[in-house]
Amino acid sequence: MSTKPVIISCAVTGSIHTPTMSPHLPVTPDEIATQAIAAAEAGAAILHLHARNPESGRPTPDPSVFMEFLPRIRDSSNAVINISTGGGPGMTVDERIEAALHVSPEMASLNMGSMNFGLYPLLDKYSEWKHDWEPQFLEMTRDFIFRNTFKDIETILEKLGKGCGTRFEFECYDVGHLYNLAHLVDRGLIEPPFFIQTIFGILGGIGADEENLMHMRRMALKLFGEDHEWSVLAAGRFQMPYTTKAGTMGGNVRVGLEDSLYLAKGQLAETNAQQVIKIRRILEDLSLTVATPDEARQRLALKGAENIGF
Ligand code: KMH
Ligand code: ZN
């Protein structure tokens with residue numbers, strides 16, 4: 001078993017869930033900042049961040065909304081700030097990268113392939129909605145392609161990677177995405193160490209099945225060997241079991257309300273920090289340790305908090 005400390009990422013709000021689904025989903029800049037800072041205090045080394053319209057709670061790519069919470073997080077925590085370039089359903093690729101280009105963060109997400117991204121099954125779980133946009137947003141994903149062409153990926157690598165010195169959380173939702181990453185590595189467009197986030201249980205991506213977890217792990221090892229840091233996130237009820245498995249297999253973990261609204265069966269998480277505390281406790285009970293933000297910076301070869309652009 002690896003003795004390397006486990007890097008905990010926390011994805012604080014995302015763009016999958018909507019306000020009706022949980023009163024605890026952070027929506028306003030104040031809620032996002034407060035929950036992000038508490039998650040970092042609980043042990044998250046990396047904060048993966050999206051923004052939402054403060055009134056409606058709808059995901060927004062607007063850099064000025066990001067700027068309402070990012071400086072506060074930076075001033076109150078040493079955690080690595082990681083800005084999503086996945087954005088949310090309906091946003092163009094240009095919109096998705098605007099905030100990251102604006103703030104030149106240490107890390108940003110980079111999604112490794114185009115895919116269906118079906119959120120519409122969530123429609124069946126609720127009969128009343130806080131906001132009109134929510135059911136329309138979920139229904140729209142029946143006909144939505146989450147676009148991440150090779151050209152899109154190259155553009156993000158060029159503008160954000162080369163241009164800003166930002167390094168990436170490579171989001172891999174299926175085996176082909178690992179091969180897409182390997183292809184870009186072969187072309188010399190990406191330097192190690194690669195932080196590979198393998199994702200299980202998104203409709204359109206690989207399912208949450210233990211054999212898939214093992215297969216993604218094996219293929220990442222085969223393709224990238226010692227050059228990568230492996231991390232796992234799993235959607236919904238798979239979050240804790242799959243991150244626990246990843247930790248015991250020498251991997252890193254991602255939790256947060258972006259990936260699951262729950263703390264346990266039938267129990268909504270009241271904060272992101274609760275999920276961080278839970279996975280940390282599980283990992284420490286299993287004699288694992290948790291990485292500090294500076295350990296994560298060193299292992300992932302990040303440029304340092306002093307070099308971010310805000
Ligand atoms: N929503 C997650 C499944 C991104 O922000 O770029 C993956 C994600 C994508 O976090
Ligand atoms: Zn995200």
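For ligands, and for the atoms within them, numbers begin at 1 and follow the listed sequence. For the single chain, residues carry numbers from 1 onward in sequence order. Hydrogens, waters and symmetry mates are skipped; everything else that's a heavy atom, side chains included, is used.
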Practice problem: Check ligand 1 against H48 and write out every atom of the ligand that is under 4.0 Å from a heavy-atom position of the residue. | Solution: 4 (C), 5 (O), 10 (O)
Quiz prompt | Sidechain-backbone polar pair: N272 side chain, L257 backbone, donor-acceptor under 3.5 Å | solution = yes
Exercise. Report the nearest protein non-hydrogen atom to atom 7 (C) of ligand 1: residue, atom name, distance rounded to 0.1 Å.
Key: Y173 OH, 3.1 Å
Exercise. Looking only at N, O or S atoms, find the one in E258 nearest to the Zn ion (ligand 2) and name it.
Key: OE2
Quiz prompt | I282 backbone acceptor or donor facing D285 side chain under 3.5 Å | solution = no
Quiz item: Would you call the rings of W133 and F137 parallel, tilted or perpendicular if under 30° counts as parallel and over 60° as perpendicular?
Solution: perpendicular
Quiz item: Could E229 and K4 be called an ion pair, given the rule that one side-chain N must be under 4.0 Å from one carboxylate O?
Solution: yes
Quiz item: Once rounded to 10 degrees, what value does the angle at the Zn ion (ligand 2) take between NE2 (H48) and NE2 (H50)?
Solution: 100°
Quiz item: Nearest protein heavy atom to atom 6 (O) of ligand 1, by residue and atom, and its distance?
Solution: S109 OG, 2.6 Å
Practice problem: Would you mind telling me which of T85, N111, N148 makes a side-chain hydrogen bond (donor to acceptor under 3.5 Å, both in side chains) with R96? | Solution: N148
Self-check item: Those atoms of ligand 1 less than 4.0 Å from some heavy atom in I16
Solution: 1 (N)
Quiz item: Can you tell which part of R254 has a heavy atom less than 4.0 Å from ligand 1: side chain, backbone, both or neither?
Solution: side chain
Exercise. Name the option, out of E258, H17, H50, that contains the heavy atom nearest to atom 2 (C) of ligand 1.
Key: E258
Quiz item: From the Zn ion (ligand 2) out to just under 2.8 Å, does an N/O/S atom of E171 turn up?
Solution: no
Quiz item: Taking non-hydrogen atoms only, is Q197 closer than 4.0 angstrom to ligand 1 via side chain, backbone, both or neither?
Solution: neither
Quiz item: Would R299 and E295 pass as an ion pair if we require N to O under 4.0 Å?
Solution: no
Exercise. Please state whether the rings of F238 and Y242 are parallel, tilted or perpendicular, taking 30° and 60° as the class boundaries.
Key: perpendicular
Practice problem: Note the single closest protein heavy atom to atom 5 (O) of ligand 1, along with its residue, its atom name and the distance in Å. | Solution: S84 OG, 2.7 Å
Quiz item: What do we get for N111 next to ligand 1 when only non-hydrogen atoms under 4.0 Å count, side chain, backbone, both or neither?
Solution: side chain
Self-check item: F150 ring center within less than 6.0 Å of H183 ring center
Solution: yes
